[in-house]
Amino acid sequence: MQASAPPSRPADSASPHHSDASTIRTDVLIVGAGPVGLFAAFQAGVLGLQCQIIDVLDRAGGQCTELYPEKPIYDIPAVPGCLAQELVDRLLEQCAPFAVPMHFGERANSVQELPDAAPEQGEHKPLHRLLVTTDAGKRFDVAAVLICAGAGAFAPQRVSLPEAAALEDRHLHYAVRDVSRFAGKRVIVAGGGDSALDWALALRKVAARVTLLHRREGFRAADGTVAEMRAAVAAGEMDFVVGMLGALDTDGGKLTAARIRTRDDTLTVPADELVALYGLVSEPGPIAHWDLDMRAGRIMVDTTTYESSRRGIFAAGDIAFYSNKQKLILSGFHEAALALRRAYHYAFPEKALVHVHTSNNAALKEKLTHA
């Protein structure tokens with residue numbers, strides 16, 4: 001790993017030209033607290049950049065925390081395998097030495113370019129700054145914005161039955177956050193993608209009975225997972241029903257059964273818990289109105305810097321788009337690292353980014369080791 005020598009300046013330096021008492025001034029604003037955003041916060045600290053994070057969700061982790069916290073991940077370099085939530089926890093631990101402020105439950109609404117400020121003491125070039133405003137009214141005066149918003153603002157596709165809303169978070173779930181709550185229960189897992197099959201297979205080991213429900217015989221899942229599911233059904237370890245949810249039966253506010261419409265009939269399947277994994281409804285949200293060059297809701301970037309079509313606005317992770325883009329967490333790590341090296345020049349236009357190994361940077365090594 002390499003690092004620059006952190007610039008010498010007060011942590012609370014501010015420019016009256018840009019900021020007032022209600023405006024937060026920092027070098028980089030990271031939009032999104034998923035794995036890529038958290039790694040970006042660490043990289044910013046290594047480079048000597050101050051940063052803050054905002055996320056529309058109520059905690060860090062993005063899709064890893066919200067959708068599949070207990071799903072194994074095997075393609076993180078030097079980590080043979082870990083759960084999604086474990087990866088998030090490790091990334092939080094990694095960036096903890098830099099005490100990065102995180103603002104949850106807030107969406108980045110607008111961004112505007114500020115008039116170039118006069119050079120700060122010892123500098124000769126005017127400073128290019130951006131003002132980002134959130135839907136909570138916070139204002140951030142920054143040198144750069146790094147968008148790590150994954151697929152954008154997202155929410156699970158919900159069950160549209162009239163009785164569903166009253167069961168949400170009690171007996172109707174759009175993510176599995178605690179496997180133990182399904183122990184000994186009759187569980188229906190609805191959906192036909194990787195998440196649905198993965199959880200049906202996993203829950204069969206703890207639940208009294210698992211029924212996988214999908215509207216057709218075909219799946220949008222990996223062939224190996226589909227084969228494993230069919231083998232489990234053949235062995236009597238779980239059930240598979242082709243059909244659609246028609247109604248949910250309750251007693252005293254508790255789920256008792258689901259009525260399933262099949263091609264020929266209506267089945268009643270006893271159930272204590274329903275896990276609906278129909279996928280996400282995602283959209284870039286207000287970012288779509290930031291005058292960025294976008295393709296199908298994703299931000300076009302220059303692959304030398306991962307900068308967008310607007311100066312000082314970068315993208316990394318699933319929301320970034322370019323030729324041969326791979327939607328992998330490790331790709332997002334790489335993109336964020338390069339984006340921040342370009343962002344450094346916006347924060348410190350007169351400073352050269354001198355790379356040294358972290359093991360040779362005594363102050364940084366002490367900070368990380370002590371933490």
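As a basis for the values below, the full set of heavy atoms in this structure was taken, side chains included, without hydrogen atoms, waters or symmetry mates.
Not counting sequence neighbours, the partners of Arg230 by the salt bridge (charged side-chain N to carboxylate O under 4.0 Å, His left out) test are Glu217. Taking the side chain to side chain donor-acceptor pair (under 3.5 Å) definition, one finds that Tyr278 meets it with nothing, sequence neighbours left out. With sequence neighbours left out, the side chain to side chain donor-acceptor pair (under 3.5 Å) criterion links Asp89 to Gln85. For Phe240, the ring pair (Phe, Tyr, Trp, His ring centres under 6.0 Å) partners two or more places apart in sequence, or in a different chain, are Phe219. The side chain to side chain donor-acceptor pair (under 3.5 Å) search around Arg181 returns none, not counting sequence neighbours. Residues satisfying the side-chain contact (heavy atoms from CB on, under 4.5 Å) test with Ala231, not counting sequence neighbours, are none. When the ring pair (Phe, Tyr, Trp, His ring centres under 6.0 Å) test is applied to His173, the partners found at least two apart in sequence or on another chain are Phe182. Contacts of His171 classified as ring pair (Phe, Tyr, Trp, His ring centres under 6.0 Å), with partners at least two apart in sequence or in another chain: none. When the salt bridge (charged side-chain N to carboxylate O under 4.0 Å, His left out) test is applied to Arg261, no partner is found at least two apart in sequence or on another chain. Residues meeting the ring pair (Phe, Tyr, Trp, His ring centres under 6.0 Å) test with Tyr322, sequence neighbours left out: Tyr306. Considering only residues two or more places apart in sequence or on other chains, Asp272 meets the side chain to side chain donor-acceptor pair (under 3.5 Å) condition with Arg186.
Geometrically, Arg342 does not engage Tyr344 in a cation-pi contact, judged by NZ or CZ lying under 6.0 Å from the ring centre and within 45° of the ring axis.
Phe39 and His334 have their aromatic ring centers separated by at least 6.0 angstrom.
The two residues Asp55 and Gly34 come nearest to each other via the heavy atoms OD2-N, 4.2 Å. Between Phe98 and Val46, the shortest heavy-atom distance links the atoms CZ-N, 3.6 Å. Contact record, Ile53 with Ala41: CD1-CB, 3.9 Å, taken as the closest heavy-atom pair. Of all heavy-atom pairs spanning Pro69 and Leu83, the tightest one is O-CB, 3.7 Å. In this structure, Cys64 and Ile329 approach most closely via the heavy-atom pair SG-CD1, 4.4 Å. Of all heavy-atom pairs between Val36 and Ala336, the closest is CG1-CB, 4.2 Å.
Judged purely by distance below 3.5 Å, without hydrogens or angles, the side chains of Arg25 and Gln50 never pair a donor atom with an acceptor atom. Side-chain contact of Asp264 with Thr262: a donor-acceptor pair under 3.5 Å is absent, judged by distance alone.
Under the 4.5 Å side-chain heavy-atom criterion for ILVMFWY residues, no single connected hydrophobic cluster contains both Phe321 and Met294.
For the atom pair Glu273 CD and Leu167 CG, the distance stands at 9.5 Å (nearest 0.5 Å). Here OG of Ser110 is found 10.5 Å from CG of Asp135. Values are rounded to the nearest 0.5 Å.
A salt bridge is defined here as a Lys NZ or Arg NE, NH1 or NH2 lying under 4.0 Å from an Asp or Glu carboxylate O, and Glu307 with Arg311 fails to meet this definition. At a threshold of 4.0 Å, the pair Arg158-Glu168 counts as salt-bridged, since one of the basic side-chain nitrogens sits closer than that to a carboxylate oxygen. Taking the charged nitrogens against the carboxylate oxygens, Lys327 and Asp318 have no contact shorter than 4.0 Å, which rules out a salt bridge.
Listed by first and then second residue, the side chain to side chain donor-acceptor pair (under 3.5 Å) pairs that reach into residues 240-249 are Asp249-Arg259, sequence neighbours excluded.
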(request) Show your reasoning for whether side-chain contact (heavy atoms from CB on, under 4.5 Å) applies to Leu338 and Phe314. (result) CA-CA 10 Å; Leu338 291 189; Phe314 302 80; over 6 Å; no
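Put simply, the side chain of Val275 does not reach to within 4.5 Å of the side chain of Tyr174, judged on heavy atoms.
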